[in-house]
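Everything on this sheet refers to the single structure shown next.
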There are 2 protein chains.
Amino acid sequence: MTPKGQGTAAQQVIRRLDALRPLSEAGVAALERLVAERIRHAAGNTDLISEGEPVDSVRMILSGWLCRHKTLADGRRQIVNFILPGETCDARIYLRGFADHTVTTLSPVIYAEVNRDDYEALLASDTSVAEALWCELLVDMAVQREWAVNLGRRDALERVAHLFCELVERLRPVGLAEANSCDFPVTQMELADATGLSAVHVNRTLQELRGSGLISLSGRTLTLSNPEALEHIAFFNRNYLHPDRRD
Amino acid sequence: MTPKGQGTAAQQVIRRLDALRPLSEAGVAALERLVAERIRHAAGNTDLISEGEPVDSVRMILSGWLCRHKTLADGRRQIVNFILPGETCDARIYLRGFADHTVTTLSPVIYAEVNRDDYEALLASDTSVAEALWCELLVDMAVQREWAVNLGRRDALERVAHLFCELVERLRPVGLAEANSCDFPVTQMELADATGLSAVHVNRTLQELRGSGLISLSGRTLTLSNPEALEHIAFFNRNYLHPDRRD
DNA sequence: CGTAATATTGATCATGTTCAACGTCGGTGG
DNA sequence: CCACCGACGTTGAACATGATCAATATTACG
């Protein structure tokens, strides 16, 4: 008996959704079918969605990293979230007339692009898929709230530490964070924009985290060398990422 | 011919949803019926939802202000959003096992408490209501993203100014911000927790905004004396609050 | 009228920014 | 193959925004 979705293009998406809320066999099959026919590739540093433009399809990320960001008129930029493999980019977003923010790839990305009609048909065809996708939305909202806490009330060290804890925890269910280590295609400039800090200060903060033996980050690989200590200094509580779990 | 929902308990909720996405006659009637039977009252400073506890009903706010907030282990608190009259508190939230944050009243509040089954029945009974509620969710997510920008990339003056612009804009469709003025049941301490600043600095920032003739805030009334200038210094762009509008 | 919560003020302090320079790495074209 | 180039990372010093602490109004309300 193979795990759900094993080996298919939609594997990451199915693993993630199934972890959020169990999918039916029919739901898994429907997702596999839908994804397989709509695969797209994008290079790094490409805008998939642009602020102010209409959006009429939903994207499911099969591999690669993206970020959501907004830029003020004077150039200050804030990354408001990352989008990781297995995640769905904006369920039913086409009910809005236009995008309120921009979505850009941080690395080459493979994704499935599902148009409005097919997405609605998917939601209507299988309750377990519809509920899992709604759960994903609820978790996404919880993540966004935690980012407000991070930006508003944690200092630089805690902020960066918390971000690392969160990202690794989000990569875990799709199998991309074995041994507390993961591919990390994010520059210090981008880390700065995600944490509301300057690039210079991010650099110094990373050195402090490295120096304390909490992480190692070089090239494109992030490792949490001492996850418990890191979570402790970050006041990290993974509950917000798991709709069904309580400590 | 009276406007939709005029004079009924659900008036604010209906005005807001209808502005987001037009409601059918049947949808309005269903909302009115549902709300009328489930009215609750809460005093100020009361927790309606507590972090870590299960949530099994959806609330629609008829009057009064609330906030969503999270507190770190050492007491630092961040208000991650306000909840205003006419807004729905967490569509389908019962798909999560427990709340990731706390919801507390800032003033006496009147709300309708809709249990899971009735809420699901409402969604199933009328497409226009289901879509309007989903639109509300999408706007809520856009608001949460904008808060990340506010906390991450705006300085104190811009931050407070932006918050004021947003709140007044959110109150406008329900008729609670005539003449750029509204009831404002928020202490400086709470403003500090919402903007990620200290209460002392919020006080000084308010004085600066007052001194520049941009706002007046005394007692429980906020007035935007010069909305254009305020929006300008805050880099405020109302698009994110309106799913169908582009400048 | 008294009390607690809220608002205000001044002074000192600290975290993180800015600026400017230099180092390093990977890729690309001669 | 190597030299160059641009992006990214690192360092130091000066600066600034906002935090903290502590004292003193002011207000709301029982």
Side-chain angles (χ1 to χ4, degrees), chain A residues 43-46 65 67 72 74-79 104-108 150-163 184-211 215-222 233-234, chain B residues 43-46 65 67 72 74-79 104-108 150-163 183-211 215-222 233:
Chain A
N45 202 24
T46 309
W65 287 40
C67 71
L72 299 185
D74 67 352
R76 280 175 287 176
R77 184 175 87 128
Q78 178 67 40
I79 291 177
T104 303
T105 60
L106 296 173
S107 68
N150 212 30
L151 292 163
R153 287 305 187 206
R154 275 187 267 255
D155 68 23
L157 194 71
E158 298 165 344
R159 237 182 259 188
V160 175
H162 191 278
L163 179 60
F184 196 76
V186 184
T187 65
Q188 292 185 4
M189 184 68 226
E190 287 155 352
L191 264 180
D193 283 341
T195 52
L197 299 167
S198 67
V200 169
H201 202 62
V202 163
N203 181 284
R204 290 177 174 135
T205 303
L206 290 174
Q207 291 179 47
E208 197 177 338
L209 288 170
R210 286 196 199 98
I215 65 159
S216 83
L217 173 59
S218 66
R220 289 170 44 112
T221 302
L222 169 68
I233 71 150
Chain B
N45 203 24
T46 309
W65 288 40
C67 70
L72 299 184
D74 67 352
R76 279 175 288 176
R77 186 174 84 126
Q78 179 68 39
I79 291 178
T104 303
T105 61
L106 296 172
S107 68
N150 213 28
L151 292 163
R153 287 303 186 205
R154 273 186 267 255
D155 69 21
L157 194 72
E158 297 165 344
R159 239 183 256 189
V160 175
H162 191 277
L163 179 60
D183 184 42
F184 196 76
V186 184
T187 66
Q188 292 184 6
M189 183 70 224
E190 288 155 352
L191 263 180
D193 284 342
T195 51
L197 300 166
S198 68
V200 169
H201 202 65
V202 164
N203 182 285
R204 291 178 173 133
T205 304
L206 290 175
Q207 290 178 44
E208 197 177 338
L209 288 170
R210 286 196 199 97
I215 65 158
S216 83
L217 172 59
S218 66
R220 289 171 43 111
T221 301
L222 169 68
I233 71 150

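Just so we're on the same page: letters track the sequence lines, and every chain starts at 1. Predicted model, so just to flag it, every value in this text is computed and none were measured.
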Take atom CG in A:Asp74; do more than 12 heavy atoms of anything else shown fall under 6.0 Å from it? yes
Heavy-atom closest pair, residues B:Gly152 and A:Leu151: CA-CD2, 4.1 Å
So if I take every side-chain heavy atom of [X] and compare against [options], which nucleotide ends up nearest?
X: A:Arg204; options: D:dA19, D:dT11, C:dG10; answer: D:dT11
X: A:Val200; options: D:dT10, C:dT15, C:dT18; answer: C:dT18
X: B:Asn203; options: D:dT11, C:dT15, C:dT8; answer: C:dT8
X: B:Ala156; options: C:dT15, D:dG18, C:dT6; answer: D:dG18
X: B:Thr187; options: C:dT6, D:dT20, C:dT18; answer: C:dT6

Nearest whole angstrom, please: distance from the [atom2] of [N] to the [atom1] of [X].
X: A:Leu209; N: D:dG9; atom1: CG; atom2: C1'; result: 16 Å
X: A:His201; N: D:dC15; atom1: NE2; atom2: P; result: 19 Å
X: B:Glu208; N: D:dT17; atom1: CD; atom2: C1'; result: 12 Å
X: B:Leu151; N: D:dG18; atom1: CG; atom2: P; result: 13 Å
X: A:Arg154; N: D:dA19; atom1: CZ; atom2: P; result: 17 Å
X: B:Met189; N: C:dA7; atom1: CE; atom2: C1'; result: 13 Å
X: B:Arg220; N: C:dA5; atom1: CZ; atom2: C1'; result: 15 Å
X: B:Phe184; N: C:dT6; atom1: CZ; atom2: C1'; result: 14 Å

For a quick check of understanding: with a heavy-atom distance under 4.0 Å over all strands, which category does B:Gly196 fall into, base, sugar-phosphate or nothing? sugar-phosphate
Remember a base hit wins even if backbone is also touched, and classify B:Leu197 as base, sugar-phosphate or nothing at under 4.0 Å, heavy atoms. sugar-phosphate
5' priority, DNA chain D, between A:Arg153 and A:Gly219 [closest heavy atom]: A:Gly219
Phosphate OP1/OP2 of C:dA5 contacted by B:Gln188 side-chain N/O (<4.0 Å): no
Interatomic distance, B:Leu197 atom CG to B:Asn203 atom CG [nearest 0.5 angstrom]: 12.0 Å
Any chance you could measure B:Leu209, atom CG, to B:Leu157, atom CG, to the nearest 0.5 Å? 4.5 Å
Do the side chain of A:Arg220 and the main chain of A:Val186 share a donor and acceptor less than 3.5 angstrom apart? no
